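Taking it in order: structure first as structure tokens, then the write-up.
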Number of protein chains: 2
Amino acid sequence: MTTASASPTRNRRNRRAEILEAAARLFAARGFHGVPIEDIGAAVGISGPALYRHFSGKDALLSEMLLDVSSRLRESAVTVVTSSPGPAESLDALLAAHITFALEQPALITVHDRELGNVPERERRQIRRLQRLYVEEWVTVLAELHPSCPAARLRAATHAVFGLLNSTPHSAGELPAQHMRPLLHAMARAALTAAVKDR
Amino acid sequence: MTTASASPTRNRRNRRAEILEAAARLFAARGFHGVPIEDIGAAVGISGPALYRHFSGKDALLSEMLLDVSSRLRESAVTVVTSSPGPAESLDALLAAHITFALEQPALITVHDRELGNVPERERRQIRRLQRLYVEEWVTVLAELHPSCPAARLRAATHAVFGLLNSTPHSAGELPAQHMRPLLHAMARAALTAAVKDR
DNA sequence: CACGGATGTTAGTCATCGCTAACGTGCACC
DNA sequence: GGTGCACGTTAGCGATGACTAACATCCGTG
């Protein structure tokens with residue numbers, strides 16, 4: 001039979017993804033510098049230096065992880081906005097997509113906004129750029145809905161909403177996901193509505 | 001003249017506070033394990049091992065920092081609630097107090113919800129207890145305002161609002177504090193209101 | 001003015017960690 | 001069926017970092 005593991009590329013991909021996932025969990029729990037490379041290896045059943053067959057170093061691992069998250073978020077935002085009939089629908093879709101991500105990948109979300117400072121300068125700039133673009137997707141949609149509201153305020157409100165949505169890891173287990181999702185959606189929506197009201 | 005530095009206790013207190021403050025900034029920026037003890041010393045003008053004259057170790061420093069934050073938050077909540085005429089005023093006062101803290105001590109807030117995992121078991125339990133009590137102050141007030149809403153939902157909503165309020169460090173500089181404060185207050189309030197509506 | 005404690009210093013120890021080196025093994029492919 | 005590459009191993013090196021030891025200095029006090 002043609003084995004499922006025919007292509008070495010396939011295996012390599014899986015291994016890399018597996019490592020990234022395990023590392024995300026560990027980084028989220030103990031911080032980048034708190035996790036020795038040996039522990040990451042152990043978490044996927046290999047040991048220590050074997051990681052260097054897949055990543056050029058610990059920094060590179062973190063960089064790739066954050067770059068991946070940033071571009072996925074950004075990409076999903078672009079997709080979602082361009083395929084919505086209007087700004088109101090865009091906003092709901094942005095909320096839904098972000099909530100899905102936060103609920104399904106709490107570790108990644110955590111690492112994403114904690115460990116940027118430990119990424120080497122070069123790729124940190126890239127990541128920041130993607131994050132900015134992601135925020136701007138939100139701000140653009142909000143600006144369409146509320147043209148009279150200054151952009152700075154919209155940006156601040158967006159960041160605050162990210163804080164709300166990304167708090168998921170902290171309240172893990174408080175509520176099942178199928179209740180959490182609409183709760184977060186409603187709260188974020190209300191917060192944004194309040195933010196653009198000029199009192 | 002009686003010198004201001006008469007009591008050694010006084011000096012010691014100041015030094016400890018100074019160290020805790022510097023360490024908070026550094027931990028917030030680079031993570032607990034990312035900050036060598038020498039850097040903390042350097043930040044207050046002494047060098048490295050001199051810290052051991054004030055703290056028994058790096059762990060102890062972190063523990064004291066988080067214990068202090070947790071108990072201050074909790075205490076302020078108790079004070080504020082008991083001195084309010086009713087639950088509605090309590091809620092506003094809780095919001096105001098938390099926002100003040102988040103805006104004035106962004107580093108402490110950051111460390112407070114990132115580094116708990118690096119605190120030794122014993123004091124971690126204490127800190128968790130204080131955090132739980134703080135959350136319960138909020139939940140109690142909310143429950144008075146909305147008796148029909150299940151406590152688990154109120155707890156989840158409270159955590160989400162903390163996420164919103166504590167996101168301040170991320171959006172540092174977006175907006176001046178005198179605009180940020182009412183914005184956060186309005187958003188948090190609206191989010192809570194939305195959370196307790198059962199649609 | 002000696003004394004002692006609070007508070008610093010520098011030098012050194014020991015553990016840990018990131019990473020490299022050298023080597024083993026299975027598997028695709030000619 | 002050898003050959004080479006993907007992927008893993010263990011041993012060890014060099015750097016760093018937490019902490020201790022031994023020694024200096026300031027300063028209030030009997």
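If you're wondering where the values come from, they're calculated on a predicted model, not measured in any experiment. Letters go in sequence order (proteins before strands), and every chain restarts at 1.
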Separation of [X] atom [atom1] from [N] atom [atom2], in whole Å?
X     : N      : atom1 : atom2 : value
B/L26 : D/dA18 : CG    : P     : 12 Å
B/F27 : D/dA18 : CZ    : C1'   : 12 Å
B/N14 : C/dG8  : CG    : P     : 12 Å
A/K58 : C/dG18 : NZ    : C1'   : 8 Å
B/L51 : C/dG8  : CG    : C1'   : 11 Å
A/R53 : D/dT10 : CZ    : P     : 13 Å
B/D59 : C/dA15 : CG    : P     : 18 Å
A/H33 : C/dC19 : NE2   : P     : 11 Å

Minimum side-chain heavy-atom gap A/N166-A/H112 below 4.5 Å: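 With C-beta onward as the side chain, the pair stays apart.
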Pairwise side-chain contact, A/L95 with A/W138, heavy-atom cut-off 4.5 Å (strictly under): yes
Residue closer to the 5' end of DNA chain C, A/G34 versus A/S56 (nearest nucleotide):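 Closer to the 5' end of DNA chain C: A/G34.
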Mind checking [X] for me? I need base, sugar-phosphate or nothing, with any heavy atom below 4.0 Å counting as a touch.
X     : answer
A/V44 : nothing
B/G48 : nothing
B/P36 : sugar-phosphate

Nucleotide of [options] approaching [X] most closely (side-chain heavy atoms):
X     : options                : answer
B/I37 : D/dC19, C/dC17, D/dT10 : D/dC19
A/P49 : D/dG8, C/dG8, D/dA11   : D/dA11
B/Y52 : C/dT7, C/dT9, D/dT20   : D/dT20
B/H54 : C/dT7, C/dT10, D/dG8   : C/dT7

Basic-acidic side-chain contact under 4.0 Å: A/E136, A/R132: no
N-O pairing of A/E75 and A/R72 below 4.0 Å: no
N or O in side chain of A/R15 less than 4.0 angstrom from D/dG8 OP1/OP2: yes
Any side-chain donor near an acceptor of the partner, B/R124 and B/S63, under 3.5 Å: no
